[in-house]
Amino acid sequence: MKKKIISLILTLGMVMGMTAYAGAEEADTEFVGTITLGMIGPMTGSLAVYGTHVSNGVLQAVDEINAAGGVMLADGAYELAVSSKDDQGDATECLNSMNALIADGIELVIGSATSGCTSSITSTANSEGVVLITPSGTADALTTEMDYVFRACFKDSFQGELAAQYAADEGYTKVGIVYCSADTYSAGLRDSFSAACEELGIEVVAEESVATMTEVDYTNQFNKMVSAEAELVFVPFYYDVTGPYLVPQARSVGFTGVLLGADGVDNTETTISEGTDLSVYNDFLFVNHYSTELATSDVSVSFVENYESLYGETPNNFDALGYDCVLILKQAMESCGACDADSVQAALADTSVTYEVATGTFSFDETGTPVKTGVLMGYEYNDGDEEVTKIAVRTLNVE
């Protein structure tokens, strides 16, 4: 049964942006009501960095929009608020969070951060008629034509194609793959990368898998990469294993080639174990959605400046994608003049609409996935440095 209650009152536990961004001049606006957005993500647990940064971006966008006069609908200006739920990176908790938001009458939900968790709530979004926009759920199957599920990121098949295109552009002819066969995200990226390599004439000389995304021993897998003489190895994992385990172990068994990850390895620098030889992270690259160095639009520059003023650090792609989700929903609500799920879904399903957000300019395809470019990023260490540096390499696209 579809929920048709517009949430106009802040309830206990709802979170709003706490401080206006530096330099904001609050508009003298009399709000006629409040639109509450739901937000689901891993705020605790091993993937909490994802949820925390998505939340930072969401709250910044809400703060900025409210300071500028809110969301203008047919009957006046509305203030935005956020009801946040912690899914702990667990699919069951994510579904519980979704059901709790729906029970509260919330019709527009941002979440979750991972493909596995997001996949647990897409059917509920569609059956209940609730708009769901994931900032960073990249699995292809999350969005289908004309449903209630959208995303702010590109999808895995495109990300895998970008990774293979980079390998081809650099002249690599022999590559390997180490991935998790039981994980939606990792296996999906493996499939798309492998298929793209075949089309580009790149030989996959070795392929090894692990059973879980929390594996701590990758030495056997990389011994086989070395034996196969792989020049580059694709490693679609999350940052919590690449930092302390996968990268150091790959180097320890003699793999000296390029390690190429996807967006999930962003934040690897936060999980490097004390005492690790930091030079092992050189030539560790990854496909990503966004780079502050490569993004130069007015929206992106403003986002970065305000983020750094609010949080005292440079934003990453999860901050930017969370921010974008709010901007996308605001534009959809204002274009249809309403905030109910059916109206917003119809607005988002219009593939002719262009969105200008922090991560770039795009339109949705027929499945609710942005058509956009990617970026290549990586890590760099020079003798004498106290830490590794995250670097932007170049923009990526499929030829």
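This is a predicted model, so every value here is computed, not measured.
Without hydrogens or angle criteria, Asn282 side chain to Tyr381 main chain gives a donor-acceptor distance under 3.5 Å. Judged by distance alone, with hydrogens and angles left aside, the side-chain atoms of Ser127 form a donor-acceptor pair with the main-chain N or O of Ser123 at under 3.5 Å. A side-chain donor-acceptor contact under 3.5 Å links Arg151 to the backbone of Thr138. The backbone N or O of Ala113 sits less than 3.5 Å from a side-chain atom of Ser136, completing a donor-acceptor pair. Remark: side-chain polar atoms of Asp147 are not paired, donor with acceptor, to backbone N or O of Thr143 under 3.5 angstrom. Of the possible donor and acceptor atoms, one in the side chain of Asp365 sits under 3.5 Å from a partner among the backbone N and O of Gly368. The closest donor-acceptor contact from the side chain of Glu231 to the backbone of Thr173 lies under 3.5 Å. Ser227 places a side-chain N or O within 3.5 Å of a backbone atom of Asn223 that can act as its donor or acceptor partner. No donor-acceptor pair closer than 3.5 Å links the side chain of Asp319 to the backbone N or O of Asn56.
Contact check for Glu107 versus Val131: no side-chain heavy atoms found under the 4.5 Å cut-off. Side-chain atoms of Leu47 and Tyr239, non-hydrogen and from C-beta on, do get closer than 4.5 Å to each other. Pro244 is listed as a side-chain neighbour of Thr271, based on a closest heavy-atom distance under 4.5 Å. The shortest side-chain heavy-atom distance between Phe364 and Ile328 falls under the 4.5 Å cut-off. You'll find the side chain of Leu37 stays beyond 4.5 Å of the side chain of Ile106, heavy atoms only. For the pair Thr369/Phe158, no side-chain contact is recorded, criterion being any heavy-atom separation below 4.5 Å from C-beta on. Contact of the Phe303 side chain with the Pro315 side chain is registered, since non-hydrogen atoms from C-beta on lie closer than 4.5 Å. A 4.5 Å side-chain heavy-atom check between Ile121 and Leu95 finds at least one atom pair inside the cut-off.
For Tyr50 and Tyr238, the gap between ring centers is short of 6.0 Å. Taking the six-membered ring for Trp, Tyr218 and Phe237 have ring centres closer than 6.0 Å. Aromatic rings of Tyr179 and Phe234 (six-membered ring for Trp) have centroids beyond the 6.0 Å cut-off, not under it.
With 3.5 Å as the limit, one finds no donor-acceptor pair spanning the side chains of Thr276 and Tyr281. Using a 3.5 Å distance cut-off with no hydrogens or angles, the side chains of Asn397 and Thr373 do not pair a donor with an acceptor. Donor-acceptor pairing under 3.5 Å is recorded for the side chains of Thr242 and Thr268.
In this structure, Glu313 places its CD atom where more than 12 heavy-atom neighbours from other residues, nucleotides or ligands lie under 6.0 Å away. Within a 6.0 Å sphere centred on OH of Tyr245, other residues, nucleotides and ligands contribute 12 heavy atoms or fewer. For Glu356, the CD atom sits in a loose shell: 12 or fewer heavy atoms of surrounding residues, nucleotides or ligands are nearer than 6.0 Å. When the shell of 6.0 Å around CD of Glu387 is examined, it contains 12 or fewer heavy atoms from other residues, nucleotides or ligands. Surrounding CG of Asp217 are more than 12 heavy atoms belonging to other residues, nucleotides or ligands, all under 6.0 Å away.
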| said: Show, in sequence, the C-alpha distance, side-chain angles and deciding distance for Thr361 and Ser297, and conclude whether the side chain to side chain contact (heavy atoms under 4.5 Å, CB included) test is met. | reply: CA-CA 9 Å; Thr361 300; Ser297 70; 5.9 Å; no

| field | Candidate pair Asn96 and Glu93, rule side chain to side chain contact (heavy atoms under 4.5 Å, CB included), full reasoning | value | CA-CA 5 Å; Asn96 291 340; Glu93 289 297 327; 4.2 Å; yes

| task | Could you give me the CA-CA distance, side-chain angles and deciding distance for Val398 and Leu162, then say whether side chain to side chain contact (heavy atoms under 4.5 Å, CB included) is met? | result | CA-CA 6 Å; Val398 176; Leu162 290 176; 3.8 Å; yes

| task | Would you sort out whether Asp86 and Ser97 count as a side chain to side chain contact (heavy atoms under 4.5 Å, CB included), showing the intermediate values? | result | CA-CA 7 Å; Asp86 178 12; Ser97 296; over 6 Å; no

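Scanning for salt bridge (charged side-chain N to carboxylate O under 4.0 Å, His left out) contacts around Lys372 gives an empty result, with sequence neighbours left out. When the side chain to side chain contact (heavy atoms under 4.5 Å, CB included) test is applied to Ala125, the partners found at least two apart in sequence or on another chain are Met98, Leu132, Val149.
In this pair, Tyr311 and Tyr307 present their aromatic rings tilted. The plane angle is within the 30 to 60° band. Taking the six-membered ring where tryptophan is involved, the planes of Phe284 and Phe286 are tilted, since the angle between them lies from 30° to 60°.
Distance CG/Leu260 to CG/Asp283: 11.0 Å, rounded to 0.5 Å. Considering CD of Gln88 and OG of Ser112, their distance stands at 11.0 Å, rounded to 0.5 Å. We find the SG-CE distance between Cys180 and Met213 to be 6.0 Å, quoted to the nearest 0.5 Å. To the nearest 0.5 Å, atom CG of residue Leu329 and atom CG of residue Leu348 are 6.5 Å apart. To the nearest 0.5 angstrom, Ser302 atom OG is 5.5 Å from Glu64 atom CD. Interatomic distance, Glu199 CD to Ser194 OG, rounded to the nearest 0.5 Å: 10.5 Å.
In terms of heavy atoms, Ala347 sits closest to Val353 at O-CG2, 4.5 Å. Taking every heavy atom of both residues into account, Gly137 and Thr134 meet most closely at N-OG1, 2.8 Å. The shortest heavy-atom contact between Val247 and Val280 is CG1-O, 3.5 Å. The two residues Ala358 and Asp324 come nearest to each other via the heavy atoms N-OD1, 2.8 Å. Nearest heavy atoms, Ala77 versus Thr29: CB-CG2, 3.7 Å. When all heavy atoms of Ala168 and Ile202 are compared, the pair lying nearest together is N-CD1, 3.7 Å.
The hydrophobic clustering, which links ILVMFWY residues whose side-chain heavy atoms are closer than 4.5 Å, places Leu321 and Val58 apart. Val304 is connected to Phe318 through a chain of hydrophobic side-chain contacts under 4.5 Å among Ile, Leu, Val, Met, Phe, Trp and Tyr, so both are in one cluster. Residues Ile391 and Leu259 share a hydrophobic cluster, clusters being chains of Ile/Leu/Val/Met/Phe/Trp/Tyr side chains in contact below 4.5 Å. Linking Ile, Leu, Val, Met, Phe, Trp and Tyr residues whenever their side-chain heavy atoms come within less than 4.5 Å places Phe255 and Val204 in a single cluster. Under a hydrophobic clustering in which Ile, Leu, Val, Met, Phe, Trp and Tyr are joined whenever their side-chain heavy atoms come within less than 4.5 Å, directly or via other members, Ile65 and Leu59 fall into the same cluster.
Among residue pairs with one or both ends in residues 248-267, those qualifying as side chain to side chain donor-acceptor pair (under 3.5 Å) are Gln159-Asp263, Tyr185-Asp263, Asp263-His289, Asp266-Asn288, Asp266-Lys390, Asn267-Asn316; sequence neighbours excluded.
Among Glu229, Glu208, Glu207, the one residue that satisfies the salt bridge (Lys or Arg N to Asp or Glu O under 4.0 Å) test with Lys224 is Glu208.
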